[in-house]
Amino acid sequence: MTVKICDSAFEPFIEIEKFQHGLALQGKFGATSIFIGTMRDFNNGDDVQAMTLEHYDGMTQKQLAKIIVSAKTQWRILDCLIVHRVGEIFPNEPIMLISVWSAHRGDAFEACRYLMEELKANAPFWKLETLATNKTRWVSNSSF
Amino acid sequence: MTVKICDSAFEPFIEIEKFQHGLALQGKFGATSIFIGTMRDFNNGDDVQAMTLEHYDGMTQKQLAKIIVSAKTQWRILDCLIVHRVGEIFPNEPIMLISVWSAHRGDAFEACRYLMEELKANAPFWKLETLATNKTRWVSNSSF
Amino acid sequence: MITLRYFASLRETIGHSVAQINIFEPHTVLSLWRLANPTLALPENILTAVNMDYVSLTHPVKNGDEVAFFPPVTGG
Amino acid sequence: MITLRYFASLRETIGHSVAQINIFEPHTVLSLWRLANPTLALPENILTAVNMDYVSLTHPVKNGDEVAFFPPVTGG
């Protein structure tokens, strides 16, 4: 179970493949459920040119660890990887990924969805958008 | 919306990345939900050394196209990719992938799960396992 | 002429994957099975497709159709 | 000594991200806010954490704690 916070661009498929290659459980996982969040060039009807992701270093890791422990009590998870970007991000760049490995698809799908919803609700990240007009605004939770 | 049937090994992350790179909708997708099915080295309590996936060529493509049309009527999907292996497969090799791109995560998660369940129920694939004992057996649906 | 296709364990039971048969009277999927396999009762839980769409056993068939018989699917 | 942290739009409102304050009497998260920001009412919908765990405004604080105030989160 690994959580990575990145302050520069990352390649989600390379991260997942490298992590999967290192899993001790080769041959044991039948199901991998992955979610990737990517920056859009629009939000709430406005064109967006960039975004700065602020986070509470330390609390992010603590909250994500709690979320993973909670998921493990609910589903049979062999392993999981969470990578989350912070800092300045441009449209089309990956923001975060969650990948869950398990023997069966139900566990993988449900745990991945749960981790994503809990991350959105509890992990201390905040988005500051720079619109095409150069105005900036903090994204409120309701916009998703 | 693309469906590929492969009769030799494929690299799921390369398939997805290449497909995503070619999407016309750069900057428009905020959410990618992916499911990858991988061959396990065990099933129903037995060690498995290989598997042969038979399918009904033509009907597979027709059924998967119908499933995708049905998903598009239920969720806002920007694009999707399904790749399914046929022929002889060994433990740890990918069997299939489903990837769904959409603006928002709810659509991506739910459509990906729906596509997977419909594929399991309706796409004409059959698994013939070769156990570690060299015995072969057809996998019945209930084992998943 | 109707093309019959058998898949997976049913193909092994039947001993071949494709057969062709001409019909001169109205037939359903079930009566076509009986015509093609007079000594073998249709196994339980078998799925049937006409022209690559799932149908029930009472679905009519005509010359030119492709009729498939197979056990429950297990892909993915 | 208690460390106070402010994030995102609240950090901009306050004008700094970190402050430190000694307390000599029992305090809650809310009374600590009032002590640190006497001229600014706590904005609505603000979340609070003590030592990186979410807590309510009535949660007690003591010297050595890290107390954070921030708007609803929007990551992912």
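Proteins get letters first, then strands, A, B, ... in listed order; numbering begins at 1 in each.
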Asks: Taking atom NE2 as the centre, does D:His16 end up with more than 12 heavy-atom neighbours from other residues, nucleotides or ligands that are less than 6.0 angstrom away?
Replies: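 More than 12 heavy atoms, drawn from other residues, nucleotides or ligands, come within 6.0 Å of this atom.
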
Asks: Which residues in residues 35-58 of chain D have a heavy atom less than 4.5 Å from any heavy atom of chain A?
Replies: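 The stretch touches chain A at D:Ala49, D:Asn51, D:Met52, D:Asp53, D:Tyr54.
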
Asks: What residues of residues 57-64 of chain A sit under 4.5 Å from chain D when you count only heavy atoms?
Replies: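 From residues 57-64 of chain A, the residues near chain D are A:Asp57, A:Gly58, A:Met59, A:Lys62, A:Gln63.
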
Asks: Do any of residues 7-15 of chain D have a heavy atom less than 4.5 Å from a heavy atom of chain A, and if so, which, in residue order?
Replies: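 The residues closer than 4.5 Å to chain A, in numerical order, are D:Phe7, D:Ala8, D:Ser9, D:Arg11, D:Glu12.
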
Asks: Please lay out, stage by stage, how D:Thr74 and A:Phe125 fare under the test side chain to side chain contact (heavy atoms under 4.5 Å, CB included).
Replies: CA-CA 6 Å; D:Thr74 60; A:Phe125 293 100; 5.8 Å; no

Asks: List for me each residue that meets side chain to side chain donor-acceptor pair (under 3.5 Å) alongside D:Thr3, sequence neighbours excluded, and say none if there are none.
Replies: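 Testing D:Thr3 for side chain to side chain donor-acceptor pair (under 3.5 Å), a comparison that skips the adjacent residues, returns D:Gln20.
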
Asks: Is A:Lys127 reaching over with its side chain to a backbone N or O of D:Gly76, donor-acceptor style, under 3.5 angstrom?
Replies: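 Flag set: sc A:Lys127 to bb D:Gly76 pair under 3.5 Å.
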
Asks: To the nearest 0.5 Å, what is the distance between OH (A:Tyr56) and CZ (D:Phe70)?
Replies: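 Result: 7.5 Å between the selected atoms.
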
